[in-house]
Colleague: 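Sharing a structure below in structure tokens format, with a few things to ask.
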Amino acid sequence: MASSTLPSHLSSPPTASPNGPMLKTANLQLPLRTAKFEPKSIKIPSIKEICKQGNLKEAFQSLTNYFAGQNAAHCSSDEAYSWVLELCADKKALVEGRQIHAHIITSNGYLDSVFLRTKLVFMYGKCGAILDAKKLFDEMPRRTIFSWNAMIGAYVSTGQPWEALELYRDMRMLGVDVDARTFPCILKACGMVGDLKLGTEIHGYAFKSGCDSNGFVVNALVSMYAKCEDTVGARRLFDRMQERDDVVLWNSIVSAYSRDRKPIEALTIFREMQRSGVSMNTYTYVSALQACEEPSFRNLGMELHAAILKSNDQLHVYVANALLVMYARCGRMREAAQIYHIMVDKDSVSWNSMLSGFVQNGFYNEALQFFQESLVSGQKLDQASLISILGASSKLEKLLNGMEAHTFAIKTGLNADIQVANSLIDMYAKCGRVNYMEHVCRSMLDMDQISWTTAIAGYAQNNGHMKALDVFREAQAEGVEADAMMIGSVLLACTSLKLINHVKETHGYILKRGLADLVLNNTLVDAYGECSNIALASQMFEVIENKDVVSWTSMISAYVDAGLGTEAMKLFCSMKESGVEPDTVALISILSAAASLSALKKGKEVHGFLIRQGFILEGSLASSLVDMYARCGTPENSSKVFNLVKDKDTVLWTCMIHASGMHGNGKLATDLFNRMEMESVRPDHVTFLALLYACSHSGMTDEGQKYLEIMRCKYNIAPWPEHYACVVDLLGRANRLEEAYQFVKSMPIEPNAVVWSALLGACHVHSNRELGEIAARKLLSLEPENPGNYVLVSNMFAATGRWDAVEQVRELMRERGLKKSPACSWIEIRDEVHSFMARDKSHPQSDQIYEKLAQIIEVLKKEGGYTPQTKYALHNVEEEEKIKILYSHSERLAIAYALLESPEGAPIRVTKNLRVCGDCHAFIKLVSKFFDREIVVRDASRFHHFHQGNCSCGDFWE
DNA sequence: GTAGGGTTAG
């Protein structure tokens, strides 16, 4: 009955080779027939013995023989099946397992055997055929504890802990008694889902049922606690164990500490294990190596490496992988690669570890290259590979590589993996392709918290701030829990939109949900700062308990942005006093504070500090230094720094071009641009803005127009309104007002306030009332909230003598509750910054200053023929009053103070928040000549270097 | 009569 139903390829055709089992004594190659003829003279191995040898084919033959009645071994058919099924399970031989299953059914009568059914469940579970296992299990008329254990084990080994726990619950509900073999399985499931509460409950139950002293159960408990992040609980159990001769127990506790990132504890206990004489196995090495993941533990890692080599065993793939990962984590990709190359058995983990090692260590190009090479050699990719490769693509913003990976993911169906999809969202966001990102989101069946967060951040990073907030609302509507990361991105969006109320609302949400951490608190400081609410920013800053360098930098930047450079400087000092070391970002923001205050000395101090601290002159730091020196009136220092930088990027070139332009050196700016092109550095929008600005401030009208063309045609960069405004300014200065107006009208984009105010400025200088009125009307309708615009308009009317219109504009300002910012000049004398308002009498040395000013005017009138030009006093008052107003302009007070207090012949550097007026300009020229001082004035628009009666601006001063 | 625990990459 039974013999015929075994598949032919496994049962041997009688003619070809009637080979019964290969006989142990068969060195002589006895014809197999002898076994038949002399059955009693040779001991035939039992099915059990054959199965234990592990050869599937022989096992099948033996089974065939058994059913043919040719096997002398005494055992029941159940038993015979059982041994072969176990071998199938061990070899994960699903096909053969199914054949046995079929054979059992067709040969009848054995279906009811609970024993065999359980064996089959076990076999299917081991082979990963969970559905077959479940079907058999469900159809069982009767179950034993073995059946339950086999099914739970099947779920756990196929990575379905939830189902295992569910089954456990059913089992308990049905009142089935759990045994000592159930616990390890179910505890593993608890560890997998990280359910400490349930794990502890089961621990209690194990205690009650007396299983908690079983070695297997203890090990499983230690692992469960470790995986549920209760390392202390794991340790408590370990300490309670009297007998510590089980290597698994040691492995579990070492692994617990490694997992918890407690390398010192892990390695201490590892040493203890070595001392106690328990022999180590591969798991021990893997767990110990896992602990050495920081560069500071590299020596220990290398010691372990040496010990492993000395143990002379063949390098197990898990151990080799752990070594590879250890080196990669310690930043030693060279050593990692060496391991990789000598490995005989590589698996996908080895490959993925190399790949992610490259990515983690910032070798993105190497990662892509490794990926390409391995593709050629036929390496199979899985989700982990894709995640790494997508990470490298997004870091390098290599859209094509990212899309290649996307295509691969679609082909293999790996795009259905949520983590792969999340990496795709991030990659497209980082490559600036929001539409592709949206496509990925739409194609996802299910988005998790990370997907939503990544998408929100993606919009925020790509200027889609409103959309980011919309998506956040959508996520909340979907019932997605917001975490700190998500809120961080939301704050970023609110900040960019300067929506102070949204920031406050989000702040409330953070407090309500208890999400506040250092990162979010720092982001809040930044958000309030960006929304110009310095009071709330500072309040938030004060609340932070363990301020780190980011907290301090956020507050410093908030002050810098609010124009409170002095406060920023003070805070920088407090930060250093509190023992927090400034990083690059902190230095950049403090350099910006020094620049805004024109505090050259402070700026130089910072420069000195960063040299002493060994910061490398590159990137944003180099650009900030160039900018700081330029804005502190010493472009020669900018050049020095600029020349020292090895890799000059677009931003650095742009800063240097801007530095030249600011100081009226248009020729240098255009030379720099030509050099930049020769060195193949691609200019961007801002580069051209700096260049056009330089041209307009040096009267290079034709060059400026030429560069606008180069920008558009050669580089295919669409100009911003600011670029057009520069050209308007350029034409306006050359008194080509009508041309400027035509240019504005011919712009391909709608001219905005910046453009109109450029035209208005030109009308002011050249006293063109008609065009001025047109520009004024446009400007005030486009930006009615900006007080600066009213000042521009009123100055234009004042310059053309229309005092009635001046009065009307003032009235309008009052009605709308706007105030113009008062004129202010400041100067750094010794270590202090002194500021002066117009007609200011608040300075402690005020009397001396006015006395000095009177003396200066006396000298200039006598020696230099100075006469005040009252048309620059933009007030409708008597002539005499106008002269008084001019004489007490803030920059003159600052210069008088500098002449009083600074050493003979030292250069004087003044900064003013508004533009220098024509009369002051003439006045300062004369001071530079008759008092023999170099005077550098930085106004709202540019720098003026006064020297021996001349100014670097070539009188293009307005 | 059966079987069970510890390990790697993002």
Side-chain angles (χ1 to χ4, degrees), chain A residues 48 75-76 78-83 85-86 89-90 113-123 125-126 144-154 156-157 179-189 191 211 214-224 226-227 234 246-256 258-259 280-290 293 316-326 328-329 336 346-360 381-392 417-420 422-423 426 450:
Chain A
K48 178 178 174 182
C75 70
S76 71
D78 273 19
E79 212 174 320
Y81 281 131
S82 154
W83 290 118
L85 278 174
E86 210 160 293
D90 190 43
S113 160
V114 173
F115 172 66
L116 268 190
R117 274 184 179 268
T118 301
K119 264 284 177 240
L120 281 165
V121 170
F122 175 69
M123 181 278 294
K126 281 279 177 195
T144 63
I145 181 66
F146 290 96
S147 327
W148 288 95
N149 287 349
M151 195 59 224
I152 292 177
V156 172
S157 66
D179 76 357
R181 314 225 176 211
T182 319
F183 286 113
C185 235
I186 206 67
L187 286 167
K188 187 176 183 184
C211 293
N214 176 302
F216 284 106
V217 177
V218 173
N219 294 343
L221 279 167
V222 171
S223 294
M224 181 278 294
K227 282 191 183 150
D246 183 357
V247 62
V248 178
L249 180 68
W250 288 95
N251 290 347
S252 304
I253 192 71
V254 173
S255 153
S258 291
R259 172 190 299 277
M280 299 181 273
N281 63 15
T282 56
Y283 290 95
T284 322
Y285 289 125
V286 171
S287 299
L289 281 169
Q290 236 194 319
E293 62 166 25
H316 187 279
V317 62
Y318 272 92
V319 178
N321 286 344
L323 276 169
L324 200 161
V325 170
M326 182 272 293
R329 291 242 172 99
K346 293 182 183 94
D347 62 7
S348 66
V349 175
S350 334
W351 191 78
N352 284 336
S353 304
M354 275 304 283
L355 190 61
S356 83
F358 281 130
V359 175
Q360 280 161 9
L381 300 190
D382 61 10
Q383 44 266 67
S385 337
L386 276 172
I387 289 163
S388 290
I389 211 64
L390 286 168
D417 181 280
I418 199 153
Q419 295 185 68
V420 170
N422 290 347
S423 299
D426 189 52
I450 296 175

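Note on naming: letters A, B, ... go to the chains in the order of the sequence lines (proteins, then strands), and numbering restarts at 1 for each one. All values below were derived from every heavy atom in this structure, side-chain atoms included, with hydrogens, water molecules and symmetry-related copies excluded.
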Colleague: Any base atoms under 4.0 Å from F122(A), or only sugar-phosphate, or nothing? Heavy atoms, all strands.
Modeller: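 Sugar-phosphate: the residue F122(A), judged by heavy atoms under 4.0 Å, touches backbone atoms but no base.
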Colleague: Any side-chain N or O of R329(A) under 4.0 Å from OP1/OP2 of dA9(B)?
Modeller: yes
Colleague: Whole-Å distance between dA9(B) P and Q290(A) CD?
Modeller: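 These atoms are roughly 6 Å apart.
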Colleague: Suppose we screen for side-chain contact (heavy atoms from CB on, under 4.5 Å). Which residues come up paired with A89(A), at least two apart in sequence or across chains?
Modeller: F122(A), M123(A), K126(A)
Colleague: Among dT2(B), dG6(B), dG4(B), find the nucleotide with the atom closest to the side chain of T144(A).
Modeller: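 Taking heavy atoms from C-beta onward, the closest nucleotide is dT2(B).
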Colleague: Using a heavy-atom cut-off of 4.0 Å across all strands, would you classify D246(A) as base, sugar-phosphate, or nothing?
Modeller: base
Colleague: Starting at CD1 of I186(A) and ending at P of dG4(B), how long is that distance when rounded to a whole Å?
Modeller: 15 Å
Colleague: Report the distance from atom CG of N251(A) to atom P of dT7(B), rounded to the nearest whole Å.
Modeller: 9 Å
Colleague: Under a 3.5 Å distance rule, please check whether T182(A) uses its side chain to pair with a backbone N or O of D179(A) as donor and acceptor.
Modeller: yes
Colleague: Tell me which residues in residues 346-356 of chain A put a heavy atom below 4.0 Å from DNA chain B, sorted by number, or none.
Modeller: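 Contacts with DNA chain B under 4.0 Å: V349(A), N352(A), S353(A), S356(A).
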Colleague: Any luck finding a side-chain donor-acceptor pair between D347(A) and N321(A) under 3.5 Å?
Modeller: yes
Colleague: For D426(A), give me all partners under side-chain contact (heavy atoms from CB on, under 4.5 Å), at least two apart in sequence or on another chain.
Modeller: S394(A), K430(A), T454(A)
Colleague: Just jot down the side-chain contact (heavy atoms from CB on, under 4.5 Å) partners of S388(A), sequence neighbours excluded, or say none.
Modeller: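 Once residues adjacent in sequence are excluded, the partners of S388(A) under the side-chain contact (heavy atoms from CB on, under 4.5 Å) criterion are L355(A), S356(A), V359(A).
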Colleague: Step by step, would you call M224(A) with L221(A) a side-chain contact (heavy atoms from CB on, under 4.5 Å)?
Modeller: CA-CA 5 Å; M224(A) 181 278 294; L221(A) 279 167; 4.0 Å; yes
Colleague: Given dG6(B), dT2(B), dT8(B), identify the nucleotide with an atom nearest to the side chain of V286(A).
Modeller: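 Between dG6(B), dT2(B), dT8(B), the one nearest the side chain of V286(A) would be dT8(B).
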Colleague: Base, sugar-phosphate alone, or nothing: which one does N214(A) contact when heavy atoms must sit under 4.0 Å apart?
Modeller: base
Colleague: Counting only side-chain N and O atoms of K188(A), is one of them less than 4.0 Å from OP1 or OP2 of dG6(B)?
Modeller: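 Looking at the OP1 and OP2 atoms of dG6(B), one of them is under 4.0 Å from a side-chain N or O of K188(A).
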Colleague: When the distance from CG of N321(A) to P of dT8(B) is rounded to whole Å, what number comes out?
Modeller: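 To the nearest whole Å, that distance equals 11 Å.
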Colleague: What's A384(A) touching, base or sugar-phosphate or nothing? Going by heavy atoms closer than 4.0 Å.
Modeller: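 Here A384(A) touches the bases of the nucleic acid.
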Colleague: Quick one: list whatever passes side-chain hydrogen bond (donor to acceptor under 3.5 Å, both in side chains) with W351(A), sequence neighbours left out.
Modeller: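 With sequence neighbours excluded, W351(A) shows a side-chain hydrogen bond (donor to acceptor under 3.5 Å, both in side chains) to S374(A), given in chain and number order.
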Colleague: Can you name the residues that form a side-chain contact (heavy atoms from CB on, under 4.5 Å) with S157(A), not counting sequence neighbours?
Modeller: none
Colleague: Give a yes/no answer on whether the side chain of R259(A) brings an N or O atom under 4.0 Å of OP1 or OP2 in dG6(B).
Modeller: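 No, outside the criterion.
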Colleague: At 4.0 Å (heavy atoms only), tell me whether K126(A) reaches a base, stays on the sugar-phosphate, or touches nothing.
Modeller: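 Counting heavy atoms under 4.0 Å across all strands, the contact made by K126(A) is with sugar-phosphate only.
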Colleague: Can you tell me how far P of dT2(B) sits from CD of E86(A), to the nearest Å?
Modeller: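 These atoms are roughly 9 Å apart.
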Colleague: When the distance from OH of Y318(A) to P of dA9(B) is rounded to whole Å, what number comes out?
Modeller: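 So the two atoms are 11 Å apart, to the nearest Å.
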Colleague: Side chain of E79(A), heavy atoms from C-beta onward: which of dG1(B), dA9(B), dT7(B) has the nearest atom to it?
Modeller: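 Of dG1(B), dA9(B), dT7(B), dG1(B) is nearest to the side chain of E79(A).
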Colleague: Between dT8(B) atom C1' and D382(A) atom CG, what is the distance in whole Å?
Modeller: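 One finds 12 Å between C1' of dT8(B) and CG of D382(A), rounded.
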Colleague: As a test of reading the structure: which of dG6(B), dT7(B), dT2(B) is closest to the side chain of N281(A), going by heavy atoms?
Modeller: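 Nucleotide nearest to N281(A)'s side chain: dG6(B).
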Colleague: Between C1' on dT8(B) and CD on Q383(A), what's the gap in Å once rounded to a whole number?
Modeller: 14 Å
Colleague: Determine: side-chain N/O of K227(A) to OP1/OP2 of dT7(B), distance under 4.0 Å, yes or no.
Modeller: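 Yes, K227(A) has a side-chain N/O under 4.0 Å of OP1/OP2 on dT7(B).
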